[in-house]
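What follows is a short report on a single structure.
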2 protein chains.
Amino acid sequence: MTASSRPEHPRLRRSAGDRRAQLVQIGLELLPTTPVQELTIDEVARRAGISRSLLFHYFATKREYYTAVTRAAADVLLEHLLPAPGTPAEQQVTGMLDRYVGWVETFPESHLAFVRGAGGGDPWVSEVYEETRGKLVELALTTLELPDDALRRQLVLAWFAFTEDLVGQWVAEPTLPRTELLGLLRDVLDRLVAR
Amino acid sequence: MTASSRPEHPRLRRSAGDRRAQLVQIGLELLPTTPVQELTIDEVARRAGISRSLLFHYFATKREYYTAVTRAAADVLLEHLLPAPGTPAEQQVTGMLDRYVGWVETFPESHLAFVRGAGGGDPWVSEVYEETRGKLVELALTTLELPDDALRRQLVLAWFAFTEDLVGQWVAEPTLPRTELLGLLRDVLDRLVAR
DNA sequence: GTAGCTTGTTGAGCGTTGCTCAGCAAGCGG
DNA sequence: CCGCTTGCTGAGCAACGCTCAACAAGCTAC
């Protein structure tokens, strides 16, 4: 019995990189159903088929772990939103907006989980969100060919909050044709930054 | 010695109502510095000078406790925002907006803590926020003498998100005279609901 | 092949925290 | 003084984050 105490898991060794990637991947899969900070080491380790201790070998602390997961999630979203190279400048913002709405339509729980943790308690996590939003603001102002002074940055960031909230509600209860929603959002943004 | 065995803690008994109020009050005081879900039973009990067990006598679960704290905080805010009776209809929205900005200016940490927990993980807490926002939407639409169809409700709610975000940033870095901030917010709201 | 090194991996265990439970004791009516 | 209600406590359990000493898989060197 001692020899065959692991019928399925013959104690296979992975490279450090693989293991880390696997653990982050598991976090990403759990993210839509569980608030980042609430996923337990036990659960993640169990899914990975490893002991709790090993997770602490790769991430010194739990916070370090779920910060990595959050950063990975942010990267996935960013990459999805970034316009394909060669897109005419005028279509870039509209395209990003369109893809954003599409993303929320496709993964409503993921969107909730993402927006949810934005300011949620942990400063490390908040920092990741602010970084991501910062990049998006910069991108938006650049493609709109507008200077990014402090006021405009604030307005675009607040417009993000507006957009996230409205799209979130709209997906749950579409009170408007999709096209009009996009038009409205775009219109609000234009009026805000054109001051 | 037995007679004077009450150096600091004469084991005084409080009425159920008093204790509950005291515990919620302690939660409110801790709220600005600690995310609601993270305040520990130990800490609260210690501040109240009671044992952990007693807290569970009044609140069956930790969640029940901090939900009560959240609700109390929401009530404080609501009461602060509600217009004094007899205010002319036209000034009500402006007055609420003004008081809201004032509140954020006075208690920036409290505001952060409040907005922070809005969607933050716990559905019980989120419900309190949605209730509060719902009341404010109803109030706003009523005083603006507009019908509150689904679309308009969504727009006003999204405008709240916009306002909370922008005011939060503005307090940290005032990029605009206060009056103009209020005007801008009011203007955005008017344009949004006048469709 | 086997000795030895690196390093992925584990189990036992500690401190904290949410929560339970049996029972003590403060205040009051008889 | 008795007994009842009920505010209140301490001991203790389970779950969780985290530590640490040690095991073992896979490689290289002889």
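Values reported hereafter were calculated over all heavy atoms of this structure, with side chains retained and with hydrogens, waters and symmetry mates removed. Convention: sequence-line order gives letters A, B, ...; per-chain numbering from 1.
When rounded to the nearest whole Å, the span between CZ of A:F56 and P of C:dC14 equals 17 Å. For A:L55 and D:dC16, the CG to C1' distance is 13 Å, given to the nearest whole Å. Summarising the geometry, the separation between OH on B:Y58 and C1' on D:dC8 is reported as 8 Å, rounded to the nearest angstrom. Put simply, CD on B:E64 is 10 Å from P on C:dC19, counting in whole angstrom units. Atom P of nucleotide D:dG17 and atom OH of A:Y65 are separated by 11 Å, given to the nearest angstrom. In this structure, A:L54 atom CG and D:dC20 atom P are separated by 17 Å, rounded to whole Å. In this structure, the CG atom of B:L23 is 13 Å from the P atom of D:dG7, given to the nearest Å. A straight line from CZ of A:R63 to P of D:dG17 spans 13 Å, rounded to a whole angstrom.
With a 4.5 Å cut-off on side-chain heavy atoms, A:H111 and A:E105 do not count as touching. Using a 4.5 Å cut-off on side-chain heavy atoms (C-beta onward), B:T163 and B:L97 make contact.
Proximity of A:H57 to the phosphate of C:dT9: no side-chain N or O atom is located under 4.0 Å from OP1 or OP2. Note on B:T40: every side-chain N or O is 4.0 Å or more away from OP1 and OP2 of C:dT16. For the pair A:R19 and C:dT9, the criterion of a side-chain N or O lying under 4.0 Å from OP1 or OP2 is met.
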With the criterion being N/O to N/O and under 3.5 Å, what pairs connect the protein with nucleotides 28-30 of chain C, and how long is each?
none

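Here D:dC16 is the nucleotide among C:dG18, D:dG7, D:dC16 with the atom lying nearest to any side-chain atom of A:D42. Which of C:dT10, D:dG12, D:dC18 sits closest to the side chain of B:R52 comes down to D:dG12. When the nucleotides C:dC21, D:dG7, C:dT9 are ranked by their closest atom to the side chain of B:R13, D:dG7 comes out on top. Of all nucleotides listed (C:dG11, D:dC8, C:dG13), C:dG11 comes nearest to the side chain of A:S51.
With 3.5 Å as the limit, one finds a donor-acceptor pair spanning the side chains of A:Q169 and A:D165. In the model, A:Q92 has no side-chain atom that pairs as donor or acceptor with a side-chain atom of A:T87 under 3.5 Å.
The existence of a salt bridge linking B:R191 and B:D187 is confirmed by a sub-4.0 Å separation between a basic side-chain nitrogen and an acidic carboxylate oxygen. Using a 4.0 Å cut-off between charged nitrogen and carboxylate oxygen, B:R186 and B:D190 count as a salt-bridge pair.
Residue-level contact check: B:I41 touches the backbone only, with heavy atoms under 4.0 Å from sugar-phosphate atoms and none from bases. Using a 4.0 Å heavy-atom cutoff across all strands shown, A:T61 reaches sugar-phosphate atoms only and no base atom.
Side-chain to base pairing of B:S53 with D:dG10: one donor and one acceptor N or O lie within less than 3.5 Å of each other.
Taking each heavy atom of A:K62 and A:F56 in turn, the nearest pair found is N-CE2, 4.2 Å.
Atom CD of B:E109 has more than 12 heavy atoms from other residues, nucleotides or ligands within 6.0 Å.
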